[in-house]
Amino acid sequence: MVKTDSATTHFSNVLLTGTILLANVDVNGLLDYGLKAFLGGAVWLGYKLTAEYIERKRKQRQQ
């Protein structure tokens, strides 16, 4: 009788399911999307940091 670890079995099931579901994924489209999402997040972060900096300066002037 072979003893199997439940974590290993779960990981194998997830890996197999993910491989089957992602078999027909267009990798070039996925890379384009990833690049656009990264750049969009960077722009959003830049706006957010700039807005917080401006708000901090306004509060300092009011004091």
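This is a predicted model, so every value here is computed, not measured.
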What pairs with [X] under side-chain contact (heavy atoms from CB on, under 4.5 Å), at least two apart in sequence or on another chain?
| X | answer |
| --- | --- |
| R61 | none |
| K57 | Y53, Q60 |
| Q62 | none |

Remaining members of L45's ILVMFWY cluster at a side-chain heavy-atom cut-off under 4.5 Å?
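Via sub-4.5 Å side-chain contacts, L45 links to W44, L49.
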If hydrophobic residues (ILVMFWY) are linked whenever their side-chain heavy atoms come closer than 4.5 Å, directly or via other members, who joins L39 in its cluster?
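Besides L39, the hydrophobic cluster comprises L35, F38, listed by chain and residue number.
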Taking distance alone, no hydrogens or angles, what donor-acceptor pairs closer than 3.5 Å link side-chain atoms of residues 15-23 to residues at least two apart or in another chain?
{"from": "T17", "atom 1": "OG1", "to": "N13", "atom 2": "O", "distance (Å)": "2.8"}
{"from": "T19", "atom 1": "OG1", "to": "L15", "atom 2": "O", "distance (Å)": "2.7"}

